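Each remark here refers to the structure printed beneath this line.
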Amino acid sequence: MVAGMPLTYPIAEQTLDNGLRVVVSSDRAVPIVAVNLWYDVGSRHEPPGLTGFAHLFEHLMFQGSRNVASGQHFSLLETAGASLNASTFFDRTNYFESLPGGGLDLALWLEADRMGYLLDAVNQENLDNQRDVVKEEKRQSYDNRPYGDSYERLVKLAFPEGHPYAHMTIGSMADLDAASLEDVHAFFRKYYGPNNAVLTIVGDVSEEDAFDAAKRYFGHLPAITTPPPAPDGTIGPMTDVQRDDVESDVPSDLITMMFRLPVDGTPELDAAGLALDILAAGQSGRLNRRLVRDEQIAQSVSGGALPLIGGVSFGTLTGIASDGIELQKVEDALLEEIEKLAADGVTSEELATVQAQAERDWLEQLATCAGRADEISHHALLFGDANRINTRIDQVQAVTVEQVQAAAQKWIRASGRVQVTYRRSESGEQE
Amino acid sequence: MSQVLTTPPAVGAPRPWRFPEAVTTQTSVGAPVHVFDRPGQYVATVRVTIAMPLIAEPRELEGVATIMSRTLDEGTELHSANEFAAALERHGAAYGVDVSSDALHVEISVPVSHLAPAVELLAEAITRPAFNQADVGRHVTIRLGEINQERANAGYRAREAFAAHLFDASTRRSRPTAGRPDTIRPLTNVEVADFYRNNIGPERAEILFAGDATGVDVAGIIDAAFSNWTSSAGTALATPEPIYLPGNRVVLVDRPGSVQSQLLIGCAGPDRRDPAWGAAAVANHVVGGTITSRVDTVLREEKGYTYGTRTSFAAPRKGGTFSLGGAVRTEVTGAAIGDALRILREARDGLTEKEVQEAKDSLIRTAPLRYEQADSVAQQVGSNIANGVPIDFADTYLTNIAATTAAEATDAYRRYVGTDGLLVVVVGEAKDVRPQLESLDLGDLIELS
């Protein structure tokens, strides 16, 4: 393909009578088919006291359903040659598998059985077991690694109490412990149904056969009562500075700043994301040049935007101090660069560079059936427009240097941020 | 109108699949070029794999290969470090290096539309590095900081202790690839440039392209970019066979404040020269290769001790390892190790026909997924070259797997796992874990801090 040429992945859509949105992108060049379901339930939908529930279902959905024994979901799909998993995020939960085309019916049957009849298999025993597994996941991913709780600390400061993004998807272990089997069943009945999901099928199947198969396996499932929308999270930029300073046994001192950003799907968010990229992305970003290469006050820098749909997004900048350098110096340099970008803007060369990087990222994301299916589900569920996968690059390319500066001026400021710092404790420094 | 089907629908036979074929040519400077044309893969990977066995490093300067590799793009004869990064990233390219026991891989991924200028920059980094002391010194400092991060990482600590206690000290792999503080600190641009001169040259290199080559003279672009690569490093040293330490023993690495114990349990394993390499992979899949395997069925699904464990047979060019890795709750560390060892040892008594058939189906049928993306083709071929096997080794491997019987899978497993003892590494809160280990009869206990 030629740079700047629009992508032309085929997109066909139908909505079944029960409300399931089905999107098909046929690609007969590969012997693979990808099945991807996005459910419109993420941690932002969780009311107080039920945090971690969306993610808990990511586990329970593999424990069997009416016609599928525990463990059988994995074993049937693996034997058919599938790669499969699931993930939970602030905005949604998704379930996916890729496998040779001959396994499409099996994949759809398994997904339909758990969409319709999961609760037949959710009992106290597998709830207790998967709650234990989730606790081990939290220990592994958050508690047993340095800085592992930084995002938990940051979102708590960046958003008011009860805001849909003020807690992480892993949730509170106390909430999970307090959950009764009935709470768990009720959460499923509320959110898991055909009219609260998008089913995407990509790869080695004709459009006609794919829609027929979707109807065959999902058509009989009853619609659920329309779930309540997630609370509106609309909120403007931060207007003050909030800090959480941690002293702990970390290997190096670290600072992460978080900023609220515009909601996903807007040119303003794209512009804010590109502003953060100009600061923090790649080897040629401003922060890497200054803090790591020239002044050598940081071992590494990173950052970027995290697009979200519920009224607001957020973005971060992180710096790890070089040994013997006071973390304050890193903080000061980050703030100087933030304010400089807001005041002086960016060059067209810098913008073109991060746009070129975004283009490569996007093309790589679409390079597999699984990646394409995921983005189709994403854009169909959150924006109602699967074809955005073909125009996404053009949207990013259309952002101007003026828009980048305007977004940075409004959202990425020294005077409107939260930050967490980790400094080595005395005992840590002796190592 | 659809009806509820109460049994799984049949799975249709997969389309026949083979590893993608390359068109191989040679650059004017002698390095082979393998072009894998992958229509629809708009982002290409260009990977230069250079034979660079780590045994070429002086013992007191271990890590010099890593610092050399990381500073190739930190300033060249034509561009400063900042200019080079800006030029490469302006073309939408990402650049990376990887150092393994046997080879250096330098690569870019780039939209095919920007291939030619990005490949020129890749060639510039490989053939004309400047190795300014300012840049080398900075990377020495960064590596020292990285070592601090590694020490805080339970998984890294487990791998480091595992290597140090599975291999004899005379084997290079008993020590970290990227060096330790005492071998990193003395490095300057003099040692780095020396190592480069003695080890990097076209006679040791093979160049791979994987991506959509429609209408692009890939071989011509690569040949032109590398046409001035006239240095010579001679042929690479041959790595000796590794020496393994046998016996049952346990290494407990104290990591105060841990809320989980990181486990790594294992022993010697086959490498790709062994005809049973494929059969060993089948056995691994049954024992601990997936969430439905014997180990996780108990440790995760029955007992809820862990978020998940995995086993693997892994190998560079010579001498492999078998290992089971994962993290378990501190309070159940002893119980989890006891269960894991029991399952690993019981597997020696035989894997069932059903288990082996399912493992074979999974390994064979997932192949097209593994190599769908251009980059994964380049990764596989690069590691094949590093490991000294043909570039289409994936086909041989899959053929061997298809022919494996349950008895052969069991034999391959029995030859290694539990035959000369098992090394158990635990990284966690030693004061809580130690009493749990004492009742387990794991052999000698070594405690490290």
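Keep in mind it's a predicted model, so treat the numbers as computed, not measured. Below, read A as the first sequence line, B as the second, and so on, with proteins coming before strands; counting in each chain starts at 1.
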Worksheet item: Closest heavy-atom contact between A/Val292 and B/Arg138?
Response: O-CD, 3.4 Å
Worksheet item: Measuring heavy-atom distances to chain B, does A/Asp294 have an atom under 4.5 Å in its side chain, in its backbone, in both, or in neither?
Response: side chain
Worksheet, complete the sentence: Residues B/Pro8 and A/Leu76: closest non-hydrogen pair is CG-CD1, 3.9 Å
Fill in: B/Glu89 (side chain) donor-acceptor with A/Gln283 (main chain) under 3.5 angstrom
yes
Practice prompt. Could you tell me which non-hydrogen atom of B/Gln149 sits nearest to which non-hydrogen atom of A/Ser252, and how far apart they are?
Written response: NE2-OG, 3.4 Å
Discussion item. Between the side chains of B/Lys303 and A/Asp132, is the shortest nitrogen-to-carboxylate-oxygen separation below 4.0 Å, so that they form an ion pair?
Written reply: no
Practice prompt. Look only at the side chain of A/Arg360 and the backbone of B/Val43, and say whether a donor-acceptor pair between them is shorter than 3.5 Å.
Written response: no
Fill in: pair A/Tyr217-B/Leu5: side-chain heavy atoms closer than 4.5 Å
yes
Practice prompt. Please say whether more than 12 non-hydrogen atoms of neighbouring residues, nucleotides or ligands are located less than 6.0 Å from CG in B/Asp432.
Written response: yes
Practice prompt. Taking all non-hydrogen atoms of both residues into account, name the closest pair between A/Asn144 and B/Arg255 and its distance.
Written response: O-NH2, 2.9 Å
Worksheet item: Is there a side-chain contact between B/Glu301 and A/Gln130, using heavy atoms and a 4.5 Å cut-off?
Response: yes
Worksheet item: When you measure from the side chain of B/Ser362 to the backbone N and O of A/Glu78, does any donor-acceptor pair fall under 3.5 Å?
Response: yes
Worksheet item: chain B heavy atoms under 4.5 Å from A/Leu77: which part of the residue, side chain, backbone, both or neither?
Response: neither
Item to complete: Considering non-hydrogen atoms only, spot the tightest contact between B/Gln373 and A/Glu364 and give its length.
Response: NE2-O, 3.6 Å
Worksheet item: When you look at CD of A/Glu295, are more than 12 heavy atoms from neighbouring residues, nucleotides or ligands closer to it than 6.0 Å?
Response: yes
Discussion item. Taking B/Pro9's backbone N and O only, do any of them form a donor-acceptor pair with A/Asp105's side chain (distance below 3.5 Å, no angle check)?
Written reply: no
Discussion item. As an exercise: rank A/His59, A/Gln140, A/Lys135 by heavy-atom pairs under 4.5 Å with chain B and give me the winner.
Written reply: A/Gln140
Worksheet item: Heavy-atom distance under 4.5 Å to chain B: side chain of A/Ala82, backbone, both or neither?
Response: backbone
Response to the item:
Between A/Phe74 and B/Thr292, the two heavy atoms sitting closest are CB-CG2, 3.3 Å
Worksheet item: Is there a donor-acceptor pair under 3.5 Å between the side chain of B/Gln260 and the backbone N or O of A/Glu136?
Response: yes
Item to complete: Mark yes or no for whether B/Glu372, through its side chain, and A/Cys369, through its backbone, hold a donor-acceptor pair below 3.5 Å.
Response: yes
Worksheet item: For A/Gln296, is it the side chain, the backbone, both or neither that has a heavy atom under 4.5 Å from a heavy atom of chain B?
Response: side chain
Item to complete: Measure the shortest side-chain to side-chain distance between A/Phe62 and B/Ile291 over non-hydrogen atoms and say whether it is less than 4.5 angstrom.
Response: no
Discussion item. Restricting to salt bridge (charged side-chain N to carboxylate O under 4.0 Å, His left out), what partner residues turn up for A/Arg372, sequence neighbours left out?
Written reply: A/Asp27
Discussion item. With a 4.5 angstrom heavy-atom cut-off, is it the side chain or the backbone of A/Ile32 that approaches chain B, or both, or neither?
Written reply: side chain
